[in-house]
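This report refers to the structure that appears directly beneath it.
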Protein chains: 2
Amino acid sequence: MSEPEVLDGRQQRGRDTRAHIIAAATEQFCESGYRAGSLRDIAARAGMTHPGVLYHFPTKEALLMAVLERRDQMGALDNPVRSELGREALRSMVGAAEKNETQRALVELFATLSAEATNADHPAHDYFVGRYERLLASLIGAYEVARDAGDLVEGVDPEVAAAQLIALLDGLQVQWLLGTLPAPMGRIVTAHLDAQLREPLH
Amino acid sequence: MSEPEVLDGRQQRGRDTRAHIIAAATEQFCESGYRAGSLRDIAARAGMTHPGVLYHFPTKEALLMAVLERRDQMGALDNPVRSELGREALRSMVGAAEKNETQRALVELFATLSAEATNADHPAHDYFVGRYERLLASLIGAYEVARDAGDLVEGVDPEVAAAQLIALLDGLQVQWLLGTLPAPMGRIVTAHLDAQLREPLH
DNA sequence: AAGTTTCCTTACCGCATGGTAAGTTTCGGC
DNA sequence: GCCGAAACTTACCATGCGGTAAGGAAACTT
């Protein structure tokens, strides 16, 4: 993305501790959320003091953004929404939901954060707006492709359906975290999609 | 609920300021969330100092619980889920969603709080678990009644459908708060329910 | 070997928080 | 009119926060 090139020993080392700090911060934010997770805790996890962390990331806010961006990079690799696949793109969301059931801490972070970030003053507000817009656009695309391929039940509006699917996934996570979900997320999402598709998944 | 009876003048006054404080706290929590809304801010809103507040509510946590309980009492009056109405109970959820679109601050509070409360250590954890369990049970009941009345499309499982509806409502609120929702909540919820019902809602 | 830059520590700052202690005002009951 | 409890206020505390300043120790360049 930026400068690949040759990096001398110091740059390499800097990069390493940066990554190390991000990992520590991710853990911390996952366990305690953004506001409650202090720089001192994060620093301790990374084996340094909190001004050491602030040397690499000028503010706590910057650290948060770094955590989120890194998370996105990784997520984007194994979980893109390939709109052009239409029906199969929708199917992949079931897999995403099931995968989340194995990453409780991460789910907790995003659930907490996306709610916090609802406030326009929150540092991650723009990030989440952008994230939701992109996801929405992708899913609308996927539904449109599915519709044009004749895979959709009559009366399913791609825009509405896309917003529904995102909401469903988000909302289910809260219930799952609270332990009040009466069935596995995968099954619930599958049931939702099956009601929109001419041929059920599988 | 507890002792109604005769209350002498002082008790009456105590009750009044208590109510006043709860109102102030509700406003404050709505605007800033639980963690960020300080006792001093709340006290200022109520026209007193923060130890004054703590005289009536021993801890901030207790204040929060009082706010939530009061909210539930009021909500229960104009927005019960009357399971026995089946189809019409489901329909009432559309109204609930639309009503929420006029109460941004309150929606924000519950969205933030339910995510925060996901953590088992959070003071409101048990409250939200109970709340979701009751709502789930009510909606399962409503779907069962609807099914037995022949109002449901084949293959709609009441348990799954109830969890879906709750998730949908929660998730839509986040998107609505972020400003990324492509259509009014009422329309999106209606579309969802119409897909489950033999006869569309109006 | 000297100089420079990167990285990190120790020490500190100002501020806000929830909560406490003790004293003071208010006011209804007698 | 006085008493005593209820309802506060003022003053304070310890704690933890994000962030800054200054200095030292490496690591690399020349």
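This one's a predicted model, so the numbers in the text were calculated from it and none came from an experiment.
Using a 4.0 Å cut-off between charged nitrogen and carboxylate oxygen, B:Arg45 and B:Glu31 count as a salt-bridge pair.
For C:dT6, neither phosphate oxygen OP1 nor OP2 lies less than 4.0 angstrom from any side-chain nitrogen or oxygen of A:His56. The phosphate of D:dA7 (OP1 or OP2) has a side-chain N or O of B:Tyr55 nearer than 4.0 angstrom. Taking 4.0 angstrom as the limit, A:Thr49 places none of its side-chain polar atoms (N or O) nearer than this to OP1 or OP2 of C:dT10.
Across all strands shown, C:dA1 is found opposite D:dT30 as a Watson-Crick or G-U wobble partner, with both distances under 3.5 Å.
Remark: side-chain polar atoms of B:His125 are paired, donor with acceptor, to backbone N or O of B:Ala117 under 3.5 angstrom. Under a 3.5 Å cut-off, the side chain of B:Arg104 and the backbone N or O of B:Leu177 do form a donor-acceptor pair.
Among residue pairs with one or both ends in residues 25-47 of chain B, those qualifying as ring pair (Phe, Tyr, Trp, His ring centres under 6.0 Å) are B:Phe29-B:Tyr34, B:Tyr34-B:His122; sequence neighbours excluded.
Regarding B:Arg15, its CZ atom lies at a distance of 14 Å from the P atom of D:dA6, rounded to whole Å. Between the CD atom of B:Gln28 and the C1' atom of C:dA16 there is a distance of 14 Å, given to the nearest Å. Rounded to whole Å, atom C1' of C:dG18 lies 16 Å from atom CZ of B:Phe57. Between the P atom of D:dA25 and the CE atom of A:Met48 lies a distance of 18 Å, rounded to the nearest Å. Look at CD1 on B:Ile42: it is 11 Å from C1' on C:dG18, rounded to the nearest Å.
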**Prompt:** Reading nucleotides 17-22 of chain D from the 5' end, what letters show protein touch, with B for base, S for backbone sugar-phosphate only, - for no heavy atom under 4.0 Å?
**Reply:** BBBB--
